[in-house]
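Note on naming: letters A, B, ... go to the chains in the order of the sequence lines (proteins, then strands), and numbering restarts at 1 for each one. Every value quoted in this text rests on a predicted model; they were computed, and no experiment measured them.
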Amino acid sequence: MMRAFFALLGRDLKLAMRRRFDLLQPLYFALLVCLLTTLAIGPEPALLGRLAAAVTWIAVLLALLLALDGLFRPDAEDGSLELMLTAPAPLPVLVFAKVLAFWLVVMLPLIVCAPLFASMLHLPGTQWLPLLLTLLLATPCLAWLGAICAALTVQARRGGALLALLLLPLTVPVLIAAIGTVDAALQGLPMRSPLLLLGAGAIAACSIGPFACAVALRLGLR
Amino acid sequence: MKLPLWFHRLGSPPTFYRFAGRLMPWLYVLAAGLTLWGLYGGLVLAPPDYQQSDAFRIIYVHVPAAWMSMAGYGLMAVCAFIALVWRMKLAETMVLTAAPIGAAFTLMTLVTGSIWGRPMWGTWWDWDPRLTSELVLFFLYLGVIALAQAFEDRRAGARAACFLALVGIVNVPIVHFAVKWWNSLHQGSTIRVFSESTIHSSMKWPLLVLAIAAYLYFIASWMARTRVALLEQHAGTDWVQALTQGDRHG
Amino acid sequence: MAEWFAMGGYGGYVWGAYLASFIVLAWDIVAPWRKRRELRRRRPARPSRRSEHTPT
Amino acid sequence: MAGLNSELPPLLVTRGLAFGYDEHGMFRDLDLCLRPGTGLVLCGSNGSGKSTLLRLLAGLLLPDSGSIERAIEHTTGEPVALAWHGHHLGLKTGLSVIENLRWSGGMHERRRRMTPASALETVGLDGFEHVPTRELSAGQRKRVALARLLLSPAPLWLLDEPYANLDPRGAQLVDRLIGHHLRNGGSVVLSVHRPDQAAFEGPRQLLDLDALP
């Protein structure tokens, strides 16, 4: 079982390393969102600083959405999804390997770079750490929600466009909790409890997500 | 887990078709009657609100629609659960036919709420927690409809939509509380339109009557849509052929 | 009567809300009805080679 | 040999299997029983449901009704493993041949006394270990997928059109592999366009999906 897990994880990481330029795609997309937002709002540092955390979060969310179609679709198109589904290893384990690889390849670079983008938007120094923490704690939840939606749409036509409609309403609570935490930090309020809430969400997502995602993959089969 | 036999029998398409066909007209008539009674009570008998004068009368369409939009999602999710656990085809179909009706009620809630907001808050739209979570609900309905339609294979699409409906039902209360919390964090400009004490009983009973009417209407419309969907899915089977032959001659 | 229609100056809003709801409900009633008519129009003669074996 | 096989418990049993695309019946009440050492050849015209039946047996589709049971492996208590070979081969073009065999082998376990190198030699691709899969022709890719079958310890093979895209020598290779697998007590379900395509040695059943009621 663990062998299957690492075989799949290793394969996905290796594939990602082979196409290194694709790794940059979510990053420059997120940066472009930030750039366009500053152009739309104007260069005034005070206003940008107030919006910085929110804009960064939206940018991360959109970059995730863009990358998500590549989670299961290539596997479905070349038939490796069928190999996964017929493997003796339990499907939730395999799905976990895929989502972990996705998190490492897509989300982790975003998490690392997001504070950088935010400081380009004049994020106040006190919010730097809360932003990083919320991103770290909230992205597992986002990744699993995204994986479930990607699994549901993998056999559908024009799955990419559909993904936005399915995923974004589901991410509302995560976004609110994350931004609320950053705001609380700005107002000097304790952020321990909202952070704990996000952490609980991450644990719940990591424990329920694999099973839900496996069911979703099997349901969409045809 | 085993389902009772009558449930299975009702799950057979021709039986459901006949059963719904017999029940539907009664539901429509009852819903229409209750609507007229409730509207008479709300628009004519109820006194104007001391704060909002007559503008509050929008409540008689807004609140039943809002209740129904949420109850409709609940009914749809129950159906989705039955469809996925007992692999019941009729339940799959009913999830897909409930979604547009629920979306219609949600749209009604949004539009009437917006119209109500204009005289009350001075704005067509306010990021009030209730309006916001209602909007999210609308997108959840749209997601179910869009997902079901995006599949070449009807059943695969139906099953995926059922699963999404179940994910959504977990999400609905979370969204509601999250948005409420978010709103308090931002100290929104919400004016409490009604606190419990301001509702007078002469204003209240039409509301309940209309809510029941909305419920009955939802069931009736659901049956009508499911009947049509069954006709479409089973075109060519003997019972549909027999039915349509009957239509042609009779 | 005219006073009732005016709704204390809010007539436009109140009746607008009811009209909008009515339009949505009318769509909801008409949609399955139209679908049914469309189905009847494109009824196939013998759609499936094994339809005679489909359980009823 | 055949007498011996009929004593053994079946590897795969279906009871009352039914499946239909959008209520246009494809098949129903299908009872199959596949004993170790036998091949089941599915034939029928396009759209008769060969692929569908294979996908159902592989668990890639859910039947409308009926059941599919695989024999239980007494060492693990799990159903016996199956090896799937579909239209889409499940090869990552970005990886080399050996890397492809390694990850699928890692997911499906590996047969003892069989290495990726020896499997590649059997399918006639020795020396291709480190070639990127994207540089292989369609026939060669198919051979890589056959090497993966060889590496799998699964007693049950489900092959969807294994002879497609192969030259006569490739077809002979498929026959040889299937024959060998059957002699070792494995079972194969495969779909073909024409029944005479499947020229492997060993006991076989033929199921013509067009001839079903």
Side-chain angles (χ1 to χ4, degrees), chain A residues 1-23 25 70-98 100-102 105 151-152 154-155 214-222, chain D residues 19 21-22 51-52 54-63 70 73 76-96 98-110 132-134 141-142 144-145 148-149 151-160:
Chain A
M1 199 167 91
M2 287 326 280
R3 228 175 77 120
F5 177 84
F6 285 115
L8 200 56
L9 180 68
R11 182 203 75 168
D12 274 15
L13 293 180
K14 202 178 277 175
L15 275 172
M17 282 302 148
R18 293 275 154 88
R19 285 175 286 122
R20 272 188 215 106
F21 189 72
D22 285 7
L23 288 180
Q25 203 181 335
L71 179 56
F72 292 120
R73 191 168 296 276
D75 282 353
E77 278 166 3
D78 69 18
S80 22
L81 189 63
E82 290 170 356
L83 292 183
M84 281 170 61
L85 291 166
T86 53
L91 190 55
V93 173
L94 301 178
V95 168
F96 202 103
K98 278 209 70 77
L100 179 60
F102 178 79
V105 166
L152 282 175
V154 69
Q155 308 285 344
V215 171
L217 267 180
R218 287 206 189 274
L219 284 179
L221 286 176
R222 49 151 300 140
Chain D
F19 189 84
Y21 276 128
D22 285 353
S51 284
T52 306
L54 271 168
R55 297 178 77 80
L56 282 169
L57 297 180
L60 289 170
L61 274 180
L62 305 169
R70 273 184 266 155
E73 187 125 43
T76 58
E78 303 273 326
V80 294
L82 59 85
W84 169 257
H85 175 98
H87 284 274
H88 301 291
L89 298 173
L91 298 173
K92 286 286 171 192
T93 49
L95 298 178
S96 71
I98 195 101
E99 283 168 334
N100 263 312
L101 289 181
R102 278 205 193 112
W103 79 260
S104 48
M107 253 179 20
H108 284 251
E109 306 300 320
R110 197 195 286 162
T133 312
R134 88 173 78 79
R141 288 182 195 189
K142 193 117 187 177
V144 178
R148 189 174 58 212
L149 274 182
L151 280 172
S152 156
L156 182 60
W157 286 6
L158 302 174
L159 318 177
D160 198 3

Backbone N/O of D/Ala83 and side chain of D/Ser152: donor-acceptor pair under 3.5 Å: no
In chain order, what residues pass the salt bridge (charged side-chain N to carboxylate O under 4.0 Å, His left out) check against D/Asp160, with sequence neighbours excluded? none
Under 4.5 Å heavy-atom distance to chain A, tell me which part of D/Leu82 shows up: side chain, backbone, both or neither. both
Please determine, among A/Arg218, A/Arg11, A/Glu77, the option with the most heavy-atom pairs under 4.5 Å with chain D. A/Arg11
Side chain to side chain contact (heavy atoms under 4.5 Å, CB included) evaluation trace for D/Leu60 with A/Thr86: CA-CA 7 Å; D/Leu60 289 170; A/Thr86 53; 4.1 Å; yes
Residues D/Phe19, D/Leu61; criterion side chain to side chain contact (heavy atoms under 4.5 Å, CB included); working and verdict: CA-CA 9 Å; D/Phe19 189 84; D/Leu61 274 180; 4.0 Å; yes
Bottom line for A/Leu8: the part with an atom under 4.5 Å from chain D's heavy atoms is side chain
Quick one: does A/Arg3's side chain have a donor or acceptor within less than 3.5 Å of a partner on D/Gly105's backbone? yes
Between the side chains of D/Arg55 and A/Glu82, is the shortest nitrogen-to-carboxylate-oxygen separation below 4.0 Å, so that they form an ion pair? yes
For chain D, which residues from residues 14-22 of chain A lie under 4.5 Å away (heavy-atom distances)? A/Lys14, A/Leu15, A/Arg18
Looking at D/Lys92, D/Arg148, D/Arg102, which makes the most heavy-atom pairs under 4.5 Å with chain A? D/Lys92
Under 4.5 Å from any heavy atom of chain A, what part of D/Leu91 do you find: side chain, backbone, both or neither? backbone
The test is side chain to side chain contact (heavy atoms under 4.5 Å, CB included); show your working for A/Met84 and A/Leu94 and say whether it passes. CA-CA 7 Å; A/Met84 281 170 61; A/Leu94 301 178; 4.1 Å; yes
Quick one: do A/Val154 and A/Leu217 satisfy side chain to side chain contact (heavy atoms under 4.5 Å, CB included)? Show the steps, please. CA-CA 8 Å; A/Val154 69; A/Leu217 267 180; 4.2 Å; yes
